[in-house]
There are 2 protein chains.
Amino acid sequence: MRTYGQHCPLAKTLDVMGDRWSLLIVRELMIHGPSRYTDLRNGLPGIATNLLADRLRELEQAGVIRRDEAPPPIATALFRLTPRGDELRDVVKAMAQWGIPLLLHALDQEGEEFHSRWLGSPVTLYMTDTAPDRPPITIQVNTGDEPMLIETIGGAVRARPGHDEHADAVLSGPPRPVIALITGRIGLAEAKAAGVGYTGNLDALRRIQPGVAATA
Amino acid sequence: MRTYGQHCPLAKTLDVMGDRWSLLIVRELMIHGPSRYTDLRNGLPGIATNLLADRLRELEQAGVIRRDEAPPPIATALFRLTPRGDELRDVVKAMAQWGIPLLLHALDQEGEEFHSRWLGSPVTLYMTDTAPDRPPITIQVNTGDEPMLIETIGGAVRARPGHDEHADAVLSGPPRPVIALITGRIGLAEAKAAGVGYTGNLDALRRIQPGVAATA
DNA sequence: CAGCATCCGCTTTGATACTG
DNA sequence: CAGTATCAAAGCGGATGCTG
């Protein structure tokens, strides 16, 4: 293993998690929960198969993930985060937050080929339900190629394709201002000016945006 | 530039900051402020000179750092974080926090060659003065090869070699439990059992430990 | 087919030497 | 001091093949 050889906590973390793909593997496990080798492969387009195997070994050795062999009859191994691996959530969140402007900028650049499912990463990585004890909420988002639902579930926030007649709020408009509004980069007024329409109660949105930092 | 090609804010951040040394350069600028090329080189033992030059170019292009040419007479360029670069503080902090156990583990392993100056990274990266409006505090730490002072200054926390007769508190003992106590991994009772002695008021310590997360 | 290991060409990194 | 130039070694991406 190549290390920085520095007695610094940041350098130590990079010694373990600084290799290419490592943090993205952790992201996959955070978003989707325990996953098979192939699930990870599908979620990480471009990774070489040997690299994925290498990384999984290294992360297991570092105590970040665990490989659970499934029971003998059916059986394919499942990879899941250890508690120690789950503690990387703050790291992933901080990096995801920093990346939101890059994401918005990329949307401006790369033509019109936006897929609604891309909402998944910003939402799941970046948002937390700050009031998990209150009734769950659902926000429907109409942007891009298919409607998406943003839902709270057990303190976390998920996004999945779908629609719901009884959503607490409905957002519609071009991807860029919609994402900027969702992630709190712009306010409602600015979003409206950029073509975002909504119905329902947007307090629901405020509940799942960062700000209060309910992680601690 | 090699990118992951994913529409995910984490992947976008890694596209920019995921290369080897990049985050450590940012760390140097966070700890020491605007720095010359040689200062960075000294703070990053092992980096190849061409890599440092490459990274500085890339980070400048990404808007993370700025290169300020000094005025014509004297003159050597200074590198400093842009506001956008300074926003990486949460990322660095989260990674540093995750790395504390690795640091402690490394101290157990690597013989007795501990240098007190290594306190610098954990302290500066990991701690924040949660009460910057109150009078500054000073904690003297006697561990390793030379006494260190931990001081609050303008909301930040620094560590530097030195001693102060009038420090608010004095900690003494073996490096491992001292660091664990400082970073809040263990409590006072456990630290005492591990050979840590103290005089003065340890409330000062509590003021600069994480917990309340005064970053937002 | 899932879960790798192997081989190969390319890119990135590391160590050192050299220059304005 | 602040880099550039050079070259070997390591890491990575892609394809392929092997094993249950």
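Treat the numbers as computed from the prediction; the structure is a model and nothing was measured. Within every chain, numbering begins at 1; the chains are lettered A, B, ... in the order of the sequence lines, protein sequences first and strands thereafter.
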Quiz item: Does a donor on one side chain and an acceptor on the other come within less than 3.5 Å for Lys12(B) and Thr3(B)?
Solution: no
Practice problem: Please check the phosphate of dC10(C) (OP1 and OP2 only) for any side-chain N or O of Arg2(B) closer than 4.0 Å. | Solution: no
Quiz prompt | Presence of donor-acceptor pair under 3.5 Å, side chain of Thr49(A) and base of dA5(C) | solution = yes
Self-check item: Within 6.0 Å of CD in Gln61(A), more than 12 heavy atoms from elsewhere
Solution: no
Self-check item: Arg36(B), nearest nucleotide to its side chain (from dC1(D), dC12(D), dG3(D))
Solution: dC1(D)
Practice problem: Calculate the interatomic distance between Asp15(A) atom CG and dG11(D) atom P; express it in whole Å. | Solution: 13 Å
Quiz item: Is there a side chain to side chain contact (heavy atoms under 4.5 Å, CB included) between Trp98(B) and Glu87(A) once you walk through the steps?
Solution: CA-CA 7 Å; Trp98(B) 197 82; Glu87(A) 284 173 16; 3.9 Å; yes
Quiz item: Do Asn50(B) side-chain and dT13(C) base share a donor-acceptor contact under 3.5 Å?
Solution: no
Quiz item: In whole Å, what is the span from the CD1 atom of Ile25(A) to the P atom of dC4(C)?
Solution: 12 Å
Quiz item: When the distance from CG of Leu52(A) to C1' of dT6(C) is rounded to whole Å, what number comes out?
Solution: 16 Å
Quiz item: Could you state the CD1-P distance from Ile47(A) to dG11(D), rounded to the nearest angstrom?
Solution: 15 Å
Exercise. Round to the nearest Å and state the distance from Tyr37(A) atom OH to dA5(C) atom P.
Key: 8 Å
Quiz item: Which of the following nucleotides, dT13(C), dT4(D), dC4(C), is nearest to the side chain of Arg57(B)?
Solution: dT4(D)
Quiz item: Between dG13(D), dG14(C), dA2(C), which nucleotide has the shortest distance from any of its atoms to the side chain of Arg20(A)?
Solution: dG13(D)
Quiz item: Should the ring pair Trp21(A) and Tyr4(B) be called parallel, tilted or perpendicular, given that the plane angle runs from 0 to 90° and is split at 30 and 60?
Solution: perpendicular
Quiz item: Whole Å only: how far is the CG atom of Asp54(A) from the C1' atom of dC4(C)?
Solution: 10 Å
Practice problem: Could you check how far CG of Leu56(B) sits from C1' of dT4(D), rounded to whole Å? | Solution: 14 Å
Quiz item: If you check the Arg55(B) side chain, which of dT4(D), dT12(C), dC12(D) turns out closest?
Solution: dT12(C)
Self-check item: Candidates dC4(C), dT13(C), dG13(D) - which lies nearest the side chain of Phe79(A)
Solution: dC4(C)
Practice problem: Using atom CG of Leu51(B) as one end and atom C1' of dC7(D) as the other, report the distance to the nearest whole Å. | Solution: 14 Å
Exercise. Could you tell me whether the phosphate oxygens of dT12(C), OP1 or OP2, come under 4.0 Å of any side-chain nitrogen or oxygen in Trp21(B)?
Key: no
Exercise. Compare side-chain N and O positions of Arg67(A) against OP1 and OP2 of dC4(C) and report whether any pair is under 4.0 Å apart.
Key: yes
Quiz item: Ala53(B) side chain: which of dT4(D), dT13(C), dA15(C) is closest?
Solution: dT4(D)
Quiz item: If we ignore angles and hydrogens, is there a donor and acceptor under 3.5 Å between the side chains of Ser116(A) and Asp145(A)?
Solution: yes
